Amino acid sequence: MSVPAPVLERLQGVLGPAGLITEGPDLEPFAIDWRRLFPGVPACVARPATTEQVAAIVRACHEAGIPIVPQGGNTGLAGGAVPDASGRQVVLSLTRMAAIREVDPVGMTIEAEAGCILKVAQDAALRENRVLPISLAAEGSATIGGVVAANAGGVNVLRYGMTRSLVLGLEVVLPDGTVVNGLRRLRKDNAGYDWKQLFIGSEGTLGIVTAAVLRLLPRPQHSVTALMSVPDPNAALRLLELSQNELGDTISAFELISRTSLQLVEKHAGLKPPIGEGEWFVLIEAASSLSGMREAAETVLGTALENELALDGVVAESGSQAAQLWALREHVTESEAREGKSVKHDVSVPLSAAPQFLDEAGTALAAGAPGTRVNAFGHLGDGNIHYNVLVGAEHDATSVNRIVHDVVARFGGSISAEHGIGQYRVGELARYRSKAEMDLAARLKRTLDPEGLLNPGKVLASSTGSSGRSSAPDHNE
Ligand code: 2HG
Ligand code: ZN
């Protein structure tokens with residue numbers, strides 16, 4: 001623990017005994033990510049309950065030159081919210097700032113503090129017959145501040161966009177402790193720079209999100225979920241086109257799941273798909289205020305079977321059957337973790353190139369990393385594939401990354417579609433983005449955080465050299 005005593009006293013004065021953890025096992029949950037891949041050593045954990053307290057903590061640390069790592073629900077997959085091993089970084093956890101300040105069903109907005117759990121915000125919207133359409137497996141623990149700071153994706157991006165497209169207003173604390181309140185609820189606001197965009201997806205490296213106003217949508221009264229097996233990813237894409245023709249913009253999710261993924265789910269979660277064998281599966285959800293969703297989905301399935309775009313399929317007959325189909329998809333990550341060592345890739349390519357990407361990445365891996373197995377699944381409707389590679393002790397994570405990301409680059413894709421850079425992909429980002437883009441990013445960082453004290457070593461390599469991985473960790477990721 002290396003916060004000088006006078007600074008610690010100042011933090012204690014701001015937070016009181018309930019708001020500061022300085023030692024013991026209570027530090028542990030804040031020190032490491034949930035997959036236990038990025039262990040760190042916090043100097044202490046500050047748990048402010050108000051924006052003013054956040055600002056006071058940040059000011060105190062700024063004056064003392066102490067780095068801060070903002071943390072929400074700690075559900076990230078790239079090690080972006082945990083401290084490094086130096087024992088110098090203060091973790092600033094937002095989870096005590098959990099209030100929903102307002103739900104406005106007419107204006108269709110919700111204002112929530114950073115530490116509010118996503119699921120709690122979703123439920124508050126539902127009570128007003130509105131939806132907050134950010135939907136992720138981690139929604140029971142992820143917080144609004146983290147979701148905004150990570151520009152989270154999830155399964156509804158196809159219809160509603162990433163988190164960015166739902167943020168109307170933000171309150172942030174800058175690295176020097178200045179509070180900027182932009183908690184406006186305006187649908188249209190072209191007055192000056194739209195500065196909030198800088199902080200959305202910045203992974204806590206430019207400022208700390210303390211509250212947000214998010215857009216809500218009317219709650220659809222009817223929804224339908226279908227699972228189909230398809231002969232190959234190309235057929236899956238054609239099925240997407242067919243579904244769009246039949247279901248139009250009511251499609252809210254179009255997920256691709258490989259057979260390997262379902263085998264892992266069966267082995268580790270005991271869940272089995274209710275339809276026949278196939279190499280690839282597609283989970284489709286559509287929702288609307290109008291009825292007729294089920295009939296439209298039946299038409300999609302019938303036409304797909306007739307045209308051999310689908311081999312088999314089922315349209316859920318009840319909410320609970322729909323939940324069972326979704327459970328297959330939602331258990332993939334956890335089942336993969338139970339299987340053992342894997343190297344994750346959260347990539348996107350132009351939608352129409354997805355089948356060819358899968359093909360070429362498979363060929364490249366078979367040649368460059370024999371003995372690996374691919375667990376591919378993800379948001380095909382967004383061109384986003386979680387191309388996770390199950391590896392053995394003999395495989396080196398960095399070279400597996402390189403093989404997959406080189407193929408991604410050939411298709412003009414991205415090395416992170418939704419999980420972000422965190423500390424895990426710092427080296428990969430620098431490798432695949434142009435010098436001009438990296439220089440621009442460094443200029444932004446220097447402008448807002450000249451001392452490099454906010455979440456150092458995340459997204460960009462730290463200017464002080466602490467933290468930040470330039471290659472993949474060689475253990476299970
Ligand atoms: C998902 O889509 C998440 O389920 C996690 O983004 C993906 O485990 C992964 O790689
Ligand atoms: Zn995902």
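We use all heavy atoms of the structure for the numbers below, so side chains are in, but hydrogens, waters and symmetry mates are not. For ligands, and for the atoms within them, numbers begin at 1 and follow the listed sequence. Because the structure is predicted, anything quoted here is derived from the model rather than measured.
Annotation: atom 9 (C) of ligand 1 to nearest protein heavy atom, Lys344 NZ, 3.2 Å. Looking only at heavy atoms of the protein, atom 5 (C) of ligand 1 is closest to Thr333 OG1, 3.4 Å.
For the pair Lys196 and Asp194, the salt-bridge criterion is met [side-chain N within less than 4.0 Å of a carboxylate O]. Here Glu128 does not pair with Arg219 in a salt bridge; the nearest charged N to carboxylate O distance is not below 4.0 Å. With salt bridges taken as basic N to acidic carboxylate O contacts below 4.0 Å, none links Lys119 and Glu139.
When Glu330, His379, His419 are checked for heavy-atom proximity to atom 7 (C) of ligand 1, His419 turns out nearest. For the residues Arg329, His386, His331, Glu418, the heavy atom positioned nearest atom 4 (O) of ligand 1 is part of Arg329.
Under 4.0 Å from ligand 1, not a single heavy atom of Val155 appears.
Taking the six-membered ring for Trp and thresholds of 30 and 60 degrees, Phe377 and His386 have ring planes inclined between 30 and 60 degrees apart. Between Phe357 and Tyr387, the ring planes are perpendicular. Angles over 60° get that label, and only those under 30° would be called parallel.
The aromatic ring centres of His379 and Phe254 sit 6.0 Å or more apart.
At a cut-off of 2.8 Å, His379 is counted among the residues with an N, O or S atom near the Zn ion (ligand 2).
Glu418 contributes OE2 and His386 contributes NE2; the angle these two atoms make at the Zn ion (ligand 2) is 90°, rounded to 10°.
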